[in-house]
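Here the structure is a predicted model, which is why all the values come from computation and not from measurement. Start at 1 with the first residue, then count along the sequence.
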Amino acid sequence: MEKYYHITTYGCQMNVHESEKIAGILAGLGYHACESIDDADIVVFNTCCIRENAENHAYGNIGMLKKLKAKKKDMIVAVGGCLTQQIGKAETLHKKFPYVDIIFGTHNLNKLGELILKKQNNKKPVIEIEENEGSVCEEDKPLRTSYPNAWINITYGCNNFCSYCIVPYVRGRERSRRSEDIIAEAKSLIGDGYKEITLLGQNVNSYANGTDDISFPELLQRIADIEGKFRLRFMTSHPKDFSEELAKVIAANDKICNNVHLPVQSGSNAVLKAMNRRYTREDYLKKIEILKKYVPDCAVTTDLIVGFPGESEEDFEDTLSLVREVGFSSAFTFVYSKREGTVAARMENQIPEEVSKDRIMRLVELVNANTREQSLQFVGKTVEILCEDYDEKKNLYLGRSEHGRMAYFKSPTNVVGEFLNVRINSANGVSLLGDIVKD
Ligand code: SAH
Ligand code: SF4
Ligand code: F3S
């Protein structure tokens with residue numbers, strides 16, 4: 001009889017890629033993917049704890065599984081990811097959801113296969129969280145689900161300890177994979193027909209820091225040198241480590257997309273300092289200037305937080321003015337969420353919810369206006385789009401420009417994975433609508 005798995009993913013691209021690794025492990029044990037959780041023999045929740053709502057989302061879903069598990073006693077329920085890795089959380093989860101069979105963390109994801117076998121021979125739940133990040137798991141064989149894009153981890157963990165952020169606590173210290181392994185993986189993926197490689201790390205710019213391996217710009221260059229037509233992306237860049245050398249490498253290589261995600265978080269120097277970001281507003285603007293000097297049409301995207309402890313109305317207005325000044329192509333906006341164990345959680349002057357709500361609304365309005373304005377600039381132009389998917393509801397194909405703008409278009413045949421020239425006829429906020437241009 002066929003056995004099925006179902007994975008729910010809650011977090012960032014790294015979390016998404018780890019779900020592909022989990023899928024790889026489950027496929028190795030003979031499981032197949034299924035669409036509906038009701039059909040699964042094993043259900044995995046790959047959690048995130050970056051903000052309270054990510055955490056609550058997972059709790060809600062795990063809670064909803066209680067009834068199904070009561071009916072299907074042999075179904076295995078496993079919970080992993082960043083949430084379980086927080087100190088004491090595995091025990092809390094076990095108490096709250098005693099029907100969960102396996103709880104694992106971010107550092108022992110590659111042992112999931114063993115944990116499943118252990119559970120099958122054991123009545124009691126298997127709860128194993130590895131405190132020590134150990135070595136990186138290079139041996140995983142992900143079952144990729146994001147064609148034509150493929151994710152490649154280049155670093156794990158983070159050393160930056162931004163005062164609001166839980167990531168360094170649940171991902172451990174920064175460690176880099178060896179460049180030969182990364183380049184070999186990229187080569188093999190391109191050989192397999194992948195058309196876009198996205199390098200992943202919490203701070204890709206500090207790749208190989210403290211080792212004798214090549215620098216991040218050099219790594220990009222070597223991957224861009226691989227033969228074939230493909231796009232190369234990377235995230236996330238920390239502004240403090242963003243270098244002129246990197247801007248030059250982007251400029252010199254057509255394959256490296258003119259699209260950089262450079263999270264600024266705030267436009268106020270006082271807030272940036274309290275956030276422990278280790279750059280000022282002026283430093284950030286300087287980096288943007290350097291980037292634009294070499295790559296004038298580079299689309300810059302960012303992350304912004306409002307309501308950080310102590311953020312005054314003036315501080316917030318500094319964020320608004322920075323957003324106006326840089327003209328981000330798009331931005332992710334977040335309300336500060338208190339994370340237990342971080343430095344900011346102990347700060348006085350936590351901002352009342354209604355103040356944060358008002359600020360996020362004002363910020364989103366500005367960011368959206370910017371995005372709309374930038375989308376309009378594509379109208380009338382012919383843009384190269386890498387087709388990523390088909391939208392059944394809209395009956396349209398979709399893909400992105402190298403700048404990261406989403407475009408929708410019609411096609412009589414399946415063009416997923418193809419590079420197409422699309423003439424943009426209209427713009428609708430963040431996305432574009434156009435027609436394929438035949439050459
Ligand atoms: N390593 C990446 C970001 C990882 S988290 C970087 O430094 O850019 C992604 C984004 O989540 C962050 O950029 C930040 O804007 C947001 N974030 C992190 N912790 C948060 C918190 N406690 N509350 C609200 N947003 C947060
Ligand atoms: Fe979090 Fe800062 Fe590290 Fe990004 S760089 S993961 S925001 S601590
Ligand atoms: Fe990613 Fe969430 Fe962990 S954003 S690193 S899955 S806390």
Side-chain angles (χ1 to χ4, degrees), residues 12-13 154-155 158-165 167 174 176 198-210 214-221 224 232-253 256-306 308 315-334 363 366-367 370-371 374 402-404:
C12 57
Q13 280 86 352
I154 67 163
T155 66
C158 183
N159 289 348
N160 287 320
F161 289 94
C162 301
S163 61
Y164 50 82
C165 187
V167 171
E174 184 182 278
S176 300
T198 307
L199 306 179
L200 293 178
Q202 296 297 351
N203 176 7
V204 289
N205 311 88
S206 66
Y207 172 75
N209 202 6
I214 56 176
S215 69
F216 181 60
E218 215 176 321
L219 177 68
L220 279 179
Q221 183 62 60
L232 183 52
R233 299 182 180 276
F234 52 89
M235 71 186 317
T236 299
S237 296
H238 193 298
K240 80 177 163 62
D241 299 315
F242 189 92
S243 65
E244 185 161 8
E245 199 193 344
L246 178 55
K248 284 185 188 166
V249 167
I250 300 172
N253 289 281
I256 306 178
C257 292
N258 290 354
N259 182 187
V260 175
H261 187 60
L262 203 58
V264 65
Q265 316 298 357
S266 169
S268 149
N269 279 336
V271 174
L272 286 171
K273 188 156 196 286
M275 284 178 163
N276 192 31
R277 288 291 287 181
R278 287 177 269 184
Y279 54 83
T280 61
R281 175 194 178 98
E282 293 73 29
D283 295 336
Y284 185 85
L285 291 171
K286 183 83 198 154
K287 302 266 171 161
I288 298 284
E289 197 185 307
I290 294 169
L291 175 60
K292 294 272 168 108
K293 178 175 138 197
Y294 291 99
V295 196
D297 80 328
C298 194
V300 183
T301 56
T302 201
D303 293 345
L304 298 155
I305 298 177
V306 303
F308 184 82
D315 291 324
F316 172 64
E317 282 168 15
D318 284 347
T319 298
L320 294 179
S321 79
L322 182 110
V323 169
R324 278 189 211 102
E325 199 168 335
V326 178
F328 295 108
S329 114
S330 67
F332 294 104
T333 50
F334 306 108
L363 180 63
L366 175 64
V367 163
N370 246 337
T371 306
Q374 300 227 355
E402 75 161 314
H403 304 98

Novice: Under a 3.5 Å distance rule, please check whether Thr302 uses its side chain to pair with a backbone N or O of Leu262 as donor and acceptor.
Specialist: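 Yes.
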Novice: Less than 4.5 Å apart, side chain to side chain, heavy atoms only: is that true for Leu199 and Phe216?
Specialist: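 In short, these two side chains touch, coming nearer than 4.5 Å.
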Novice: Mind checking the NE2-OG spacing from His403 to Ser329? Nearest 0.5 Å is all I need.
Specialist: 8.5 Å
Novice: Going through the distances and angles, do Val204 and Leu219 end up as a side-chain contact (heavy atoms from CB on, under 4.5 Å)?
Specialist: CA-CA 10 Å; Val204 289; Leu219 177 68; over 6 Å; no
Novice: For Asn269 and Arg281, indicate whether the former's side chain and the latter's backbone hold a donor-acceptor pair under 3.5 Å.
Specialist: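 Checked: pair present.
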Novice: Side chain of Ser163, backbone of Ala274: donor and acceptor closer than 3.5 Å?
Specialist: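 Side chain of Ser163 to backbone of Ala274: a pair is present.
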Novice: Within the supplied structure, the quantity of interest is the number of heavy atoms (other residues, nucleotides, ligands) at a distance under 6.0 Å from Lys273 NZ; does it exceed 12?
Specialist: no
Novice: So do the side chains of Asn276 and Tyr164 get within less than 4.5 Å of each other, counting heavy atoms only?
Specialist: no
Novice: Could you go through Leu220 and Leu246, starting from their C-alpha distance and side-chain angles, then the distance that decides it, and tell me whether this counts as side-chain contact (heavy atoms from CB on, under 4.5 Å)?
Specialist: CA-CA 9 Å; Leu220 279 179; Leu246 178 55; 3.4 Å; yes
Novice: Enter the distance from Gln202:CD to Ile154:CD1 here, rounded to the nearest 0.5 Å.
Specialist: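 It comes to 11.5 Å.
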Novice: From Met235 CE over to Thr198 OG1, what is the distance, rounded to the nearest 0.5 angstrom?
Specialist: 8.5 Å
Novice: Atom CG of Leu232 and atom CG of Asn259: how far apart are they, to the nearest 0.5 Å?
Specialist: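 Answer for the CG-CG pair, Leu232 versus Asn259, is 12.0 Å.
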Novice: Does the side chain of Phe242 reach to within under 4.5 Å of the side chain of Ile288, using non-hydrogen atoms?
Specialist: no
Novice: Does the side chain of Val264 reach to within under 4.5 Å of the side chain of Phe328, using non-hydrogen atoms?
Specialist: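 Yes; the side chains approach each other to less than 4.5 Å.
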Novice: Assess whether side-chain hydrogen bond (donor to acceptor under 3.5 Å, both in side chains) is satisfied between Gln221 and Asn253, documenting all intermediate values.
Specialist: CA-CA 8 Å; Gln221 183 62 60; Asn253 289 281; 2.9 Å; yes
Novice: Can you list the residues that meet the salt bridge (Lys or Arg N to Asp or Glu O under 4.0 Å) rule with Glu282, with sequence neighbours excluded?
Specialist: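 Residues passing salt bridge (Lys or Arg N to Asp or Glu O under 4.0 Å) with Glu282: none at all.
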Novice: Please check this pair: side chain of Asn159 against backbone of Glu174, looking for a donor-acceptor N/O pair closer than 3.5 Å.
Specialist: yes
Novice: Is it true that a side-chain atom of Gln374 and a backbone atom of Gly327 form a donor plus acceptor pair closer than 3.5 Å?
Specialist: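 Flag set: sc Gln374 to bb Gly327 pair under 3.5 Å.
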Novice: Does atom CZ of Phe332 have more than 12 heavy-atom neighbours from other groups under 6.0 Å away?
Specialist: no
Novice: Carefully, step by step, assess His238 and Arg277 under the rule side-chain contact (heavy atoms from CB on, under 4.5 Å).
Specialist: CA-CA 9 Å; His238 193 298; Arg277 288 291 287 181; 3.6 Å; yes
Novice: Given side-chain hydrogen bond (donor to acceptor under 3.5 Å, both in side chains), test Asp283 with Thr280 step by step and report yes or no.
Specialist: CA-CA 5 Å; Asp283 295 336; Thr280 61; 3.2 Å; yes
Novice: Can any side-chain N or O of Tyr279 pair as donor or acceptor with the backbone N or O of Asp241 at less than 3.5 Å?
Specialist: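 Flag not set: sc Tyr279 to bb Asp241 has no pair under 3.5 Å.
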Novice: If we ignore hydrogens and angles and just use 3.5 Å, is the side chain of Ser268 paired with the main-chain N or O of Val271 as donor and acceptor?
Specialist: yes
Novice: Could you walk me through whether Glu289 and Lys286 pass the salt bridge (charged side-chain N to carboxylate O under 4.0 Å, His left out) check?
Specialist: CA-CA 5 Å; Glu289 197 185 307; Lys286 183 83 198 154; 3.7 Å; yes
Novice: Return the CD1 to CD distance between Ile256 and Glu402, rounded to the nearest 0.5 Å.
Specialist: 10.5 Å
